[in-house]
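The sequence lines fix the lettering, A, B, ..., with proteins before strands; numbering per chain opens at 1. Values reported hereafter were calculated over all heavy atoms of this structure, with side chains retained and with hydrogens, waters and symmetry mates removed.
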Amino acid sequence: MKILCVAEKPSIAKSVAYTLGGGKVTVRNSSVKYVKNYDFTFEFPGVGRCSVTMTSVLGHLTEMTIDNNRYGWGKCLPINLFDSTIIVKENGNDSKKLVQNIANEARLSNQLMIWTDCDREGEHIGWEILNAASKTNSSLTLENVWRAQFSHLERSHIISAAKNPKQLDRYAIDAVCTRMELDLRAGFSFTRFLTDLFKTNFQEIKEERRLISYGGCQFPTLGFVVDRYMRVKEFVPEEFWYISIEVKKGNRKLPMSWSRPHLFDRLAAMLLYENSLDIAKDEAEIVHIISKPTSNFKPLPLTTVQLQKDCSKFFKLSAKETLDAAEKLYNQGFISYPRTETDRFDPKTDLKNLLSKQAESPQWGGYVQELLDGKMRSPRAGKHDDKAHPPIHPICYTDFTKLKSRNEQLVYQYVTKRFIACCSDDAKGVKSIVTAKWGLETFTASGLMVLEKNYLDIYDYFKWTSTKELPEFTLGEKVKLLKADLVTGKTSPPSYMSESELIALMDINGIGTDATIAEHIEKILAREYASKQSLGESRSKKAYILPTELGCALVEGFNQIGFDNLSLSKPFLRKQLEESLAKITAKQETKNNVLDRFIELYRQAFMLSNQKQAILVKSYRHIQRRNA
DNA sequence: GCAAGGTC
C-alpha cells in the first residue's frame with residue numbers, strides 16, 4: 001500500500017515525517033522552493049507496513065473570484081455581484097505547482113491522509129488537497145479520505161493521530177466556503193460602489209487614483225478608530241468633588257483617600273464634608289487595620305494577539321512588524337509557530353527541557369539555572385486552545401544580540417522572557433490597608449511591601465514596587481488631622497486609540513484572526529482611512545492611530561444611513577456572521593440558508609447605501625470644509 | 001484596481 005500525506009505547511013510535513021519514519025526518511029525536492037516530499041514507511045492499523053510520501057501545501061490552494069469577462073469592473077452594476085457566478089481558481093503561482101505535485105504523488109497512492117491544522121480553515125485546505133489529488137486518482141472521496149487529528153507535534157500524539165484517522169468535516173468546509181463567498185460579494189460590490197462614487201464627486205480622489213475599499217473586517221476596524229476619536233473630540237469635562245484628608249502620626253504625614261466615589265453634586269459633597277467637620281473637628285479614629293499576603297500573577301502562556309499587544313506597548317512595534325519578526329524567528333527554528341490562540345501548555349510538554357536550553361544565556365542563564373535547581377513552577381493555564389498550536393515559546397537558545405534585525409532581537413527576548421516567566425513563581429508581597437473614620441466618612445490608605453519578585457526579576461517590562469511603609473497604628477487610635485479639604489477636579493477625556501487597544505478590541509469582537517489582525521490595521525493605514533501619529537509630551541510620546549477626514553466621513557456617513565442596527569462600520573455584522581458560521585459547523589444551519597440570508601442582508605444594505613449615496617458625499621464635504 | 005483567509 002502507498003499512502004500520501006499532505007500537511008498545511010512545510011514545517012509540519014517535516015516534523016511529522018521524521019516522527020512517523022523513525023528517522024529513516026528520504027527527501028525529494030518539489031518544484032516549489034519551500035516544499036519537500038518525504039518518503040518513509042509506517043505501519044498503519046489494518047493495512048500493515050505502507051510506503052508513505054509526506055508533502056505539504058502553503059496554506060490555501062484556491063481562492064474565489066468572479067468572471068472578469070462578464071463581471072469585471074465597469075462591465076456590470078456593482079449590485080449584480082450579489083448573484084454573479086463565482087469561480088474557484090488556484091491562488092498565485094505556487095499553487096499551480098503544488099496542485100501538480102499532489103496530483104503526481106496521488107496517482108499511484110491508495111490512500112490520502114490530510115495533516116492540516118485542526119481548525120475551520122484547515123478542514124477547507126484539506127478539501128482543496130483532496131480536490132487536487134482527485135485529479136489523478138478518482139477513487140479518493142470526501143468519505144474515504146483519512147484526516148489526522150492532532151494538536152501538537154509530540155511523538156506519541158502524532159503516532160496516535162496517524163493510527164486513528166477521522167474524516168474531513170464537510171460542515172466546517174461549508175462554513176469556510178460561506179465566509180469566502182460573502183466576503184467576496186460584499187467586498188467587491190461595495191468597493192466598486194464607493195470608489196466610483198468618490199471618484200465622480202471628488203477630483204483629488206480621481207486624480208490620485210485612490211481606492212475606497214470596503215471589507216467586512218476593514219470597516220469595523222476603522223469604526224473602532226473613528227469611534228474613539230469622536231469620543232475624545234466630543235468629550236465634555238465634568239466637575240466633581242471629593243474629600244481629601246491628611247493625618248499625622250509621629251512626625252509622618254499620611255494622606256488618606258475617601259472611600260466614596262467622586263461626587264458630581266457639589267451640594268451633596270459639601271453636606272457630607274460639613275457634617276463630618278461638625279462631628280469630628282480635626283480628629284479621626286483608626287477603625288480597621290489589615291495586613292494580608294498578596295500576589296502579582298505571572299503572565300499566561302503567550303498567544304499571537306498578546307504578543308502583538310505587548311510588543312506594541314513595550315517596544316512600539318506595529319502588529320505587522322511583530323508578526324514579521326516572529327515569522328523570521330520561527331523559520332530559523334528559534335521559536336515555535338507564531339500564530340496561535342492557545343494560552344495553555346499541553347501537560348505533556350517537556351517544559352524543563354525547553355527551559356534548560358536557555359541556561360547558557362549570559363542574560364538570563366543564571367535565573368534559569370535557579371529555576372532548574374528547584375524554583376520552577378507550572379505555567380498558568382488559560383482558557384483558550386485552538387487545538388492546532390501550542391503557546392508561543394522559544395525552541396532553542398540563540399544569542400539574540402547576533403540576530404539580524406532589532407525587531408527580531410526584541411521579539412526573541414520577549415518570547416523567551418515571557419516563557420521563563422511562565423515557568424517561574426508569582427511575585428509575592430504583603431498589602432496593608434488602614435481605615436480611618438472622620439465623622440461619618442471613612443478613608444483608607446494602603447501600602448505594599450514586595451517580598452519576592454520571582455518572575456518579575458526576569459520579566460522586567462513593568463514594575464511592581466514597594467510603597468513607603470505605613471506608620472504603625474493601633475486599632476481605635478485617635479489621630480490628628482493636618483488637613484481636611486473639599487477638593488474639586490475635572491473628569492479627563494479618554495485617550496486616542498493605541499495599536500495595542502485596537503488589537504484587543506478586534507480580538508474581543510472577532511474581527512479578523514490572529515494571523516490577519518495586523519493586515520487589517522495595515523490596510524486602513526494604506527487606504528489612508530487612518531494614520532499613525534506620535535502624541536504627547538516629548539518625554540512620554542506615544543503612538544496612536546487617528547482617523548483621517550476620509551475615514552471619519554466614511555464611518556459617519558454609514559452611521560447616518562442607518563441599517564437597522566447592523567451598521568457596516570460596527571462589529572456586530574461580522575459577529576453575527578461568525579455565529580452563523582459556527583452554526584453551520586454545528587449542523588444547526590445549512591450553508592445555503594446562511595448564504596441566502598447574508599447575501600440578502602448585504603444587498604439591502606447596498607441598495608440603501610446607493611439610494612442615500614448623497615449622505616456619504618455630503619459627509620466628506622462637510623468634514624473637509626469644517627477642517628479647511 | 002476590489003475581500004479575507006491560509007503561508008514563505
Side-chain angles (χ1 to χ4, degrees), chain A residues 7-13 30 32-36 56-66 68 71-76 78 81-82 84 86 88 90-95 97-98 116-117 119-129 172-173 175-199 205-206 208-221 323-324 326-332 337-339 386 388-389 506 510-520 522-524 526-527 568 574 577-578 581 598 602:
Chain A
E8 186 164 322
K9 44 186 161 275
S11 62
I12 302 283
S30 77
V32 177
K33 188 180 164 197
Y34 305 102
V35 174
K36 306 260 187 279
S56 76
V57 291
L58 299 164
H60 284 287
L61 287 169
T62 63
E63 65 183 358
M64 287 184 183
T65 188
I66 41 104
N68 252 325
Y71 295 102
W73 198 311
K75 289 181 182 163
C76 72
L81 295 173
F82 288 111
S84 65
I86 283 187
V88 175
E90 279 140 15
N91 64 358
N93 297 334
D94 284 348
S95 285
K97 293 181 185 167
L98 290 171
T116 50
D117 294 351
D119 52 28
R120 211 166 65 192
E121 299 296 329
E123 294 301 310
H124 188 273
I125 294 168
W127 184 61
E128 292 173 303
I129 292 167
I173 297 167
V176 173
C177 291
T178 306
R179 174 192 58 72
M180 287 176 162
E181 185 175 331
L182 287 168
D183 284 339
L184 174 69
R185 292 190 191 282
F188 275 32
S189 56
F190 273 99
T191 298
R192 290 180 186 183
F193 162 69
L194 287 172
T195 303
D196 292 343
L197 177 67
F198 277 70
K199 256 167 59 179
I205 286 184
K206 188 177 179 183
E208 292 166 23
R209 294 181 177 191
R210 294 272 294 276
L211 193 63
I212 317 293
S213 63
Y214 166 84
C217 288
Q218 291 174 34
F219 259 57
T221 304
L323 200 55
D324 286 350
E327 227 148 58
K328 283 185 189 142
L329 293 168
Y330 164 67
N331 287 327
Q332 296 168 86
Y337 191 65
R339 283 181 282 264
D386 64 17
H389 309 286
M506 294 172 72
I511 305 301
T513 68
D514 50 1
T516 60
I517 279 178
E519 286 173 37
H520 299 309
E522 294 289 309
K523 185 135 279 173
I524 65 167
R527 295 279 187 261
L568 298 180
R574 192 77 194 171
L577 174 59
E578 283 298 331
L581 296 180
F598 276 88
Y602 274 117

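The shortest distance between side-chain heavy atoms of C76(A) and L81(A) falls below 4.5 Å. Between E121(A) and T513(A) the shortest side-chain heavy-atom distance does not fall below 4.5 Å. Contact of the S11(A) side chain with the Y330(A) side chain is registered, since non-hydrogen atoms from C-beta on lie closer than 4.5 Å.
Note on H124(A): nothing from the nucleic acid sits closer than 4.0 angstrom, heavy atoms only. Residue-level contact check: N68(A) touches the bases, meaning some heavy atom is under 4.0 Å from a base atom. As judged by a 4.0 angstrom heavy-atom cut-off over every strand, E63(A) is placed among the base-contacting residues. R179(A) comes within 4.0 angstrom of a nucleotide base, judged by non-hydrogen atoms across all strands. Residue contacts shown for N331(A) are limited to sugar-phosphate atoms, with no base heavy atom under 4.0 Å away. The residue K328(A) sits apart from the nucleic acid: no heavy atom pair falls under 4.0 Å. R120(A) comes within 4.0 angstrom of nothing in the nucleic acid, heavy atoms only. Within the nucleic acid shown, G512(A) comes within 4.0 Å of sugar-phosphate atoms alone, with no base atom in reach, counting heavy atoms only. Using a 4.0 Å heavy-atom criterion, one finds that Y71(A) contacts no nucleic acid atom at all. Backbone-only engagement by Y214(A) is indicated by non-hydrogen atom pairs under 4.0 Å involving sugar-phosphate atoms exclusively.
Contact annotation: T116(A) side-chain N/O to dG6(B) OP1/OP2 distance is not under 4.0 Å. Contact between the side-chain N/O atoms of R574(A) and the OP1/OP2 oxygens of dA3(B) is not found at any separation under 4.0 Å. At dA3(B), one or more side-chain N or O atoms of R527(A) fall inside 4.0 Å of OP1 or OP2 (strictly under the cut-off). OP1 and OP2 of dG6(B) both lie 4.0 Å or more from every side-chain N or O belonging to R339(A). A close approach under 4.0 Å does not occur between any side-chain nitrogen or oxygen of H520(A) and OP1 or OP2 of dA3(B).
Atoms CZ (F219(A)) and C1' (dA3(B)) sit 12 Å apart, rounded to a whole Å. Rounded to a whole Å, the CD atom of Q218(A) is 11 Å from the P atom of dG5(B). Atom-to-atom, CG of D514(A) to C1' of dT7(B) comes out at 13 Å; the value is rounded to the nearest Å. Rounded to an integer number of Å, the gap from L581(A) CG to dA4(B) P is 14 Å. One can place NZ of K36(A) at 12 Å from C1' of dC8(B), the figure rounded to the nearest angstrom. As a whole-Å value, the separation of N91(A) CG from dG6(B) P is 13 Å. Distance I66(A) CD1 to dC2(B) C1': 8 Å, rounded to the nearest Å. Rounding to whole angstrom units, CE of residue M64(A) and P of dC2(B) are separated by 20 Å.
With respect to the salt-bridge test (charged N to carboxylate O, under 4.0 angstrom), the residues R192(A) and D196(A) do not qualify. Between E327(A) and R339(A) there is a salt bridge, since at least one side-chain N of the basic residue sits less than 4.0 Å from a carboxylate O of the acidic one.
Of the candidates D117(A), V35(A), L58(A), T116(A), K9(A) forms a side chain to side chain contact (heavy atoms under 4.5 Å, CB included) with just one, namely D117(A).
Using modelled atom types, one finds no donor on one side chain facing an acceptor on the other under 3.5 Å when comparing Y602(A) with S189(A).
Considering only the side chain of C217(A), dG5(B) comes nearest among dA3(B), dC8(B), dG5(B). Comparing dG6(B), dC8(B), dC2(B) by their nearest atom to the side chain of E121(A) picks out dG6(B). The K9(A) side chain lies nearest to dT7(B) when the options are dG5(B), dC2(B), dT7(B). Nearest to the side-chain atoms of A515(A) among the listed nucleotides dG5(B), dT7(B), dG1(B) stands dT7(B).
With the nearest nucleotide of DNA chain B identified for both T516(A) and T195(A), T195(A) has the one nearer the 5' end. When each of T62(A) and S11(A) is assigned the nucleotide of DNA chain B bearing its nearest heavy atom, the one mapping closer to the 5' terminus is T62(A).
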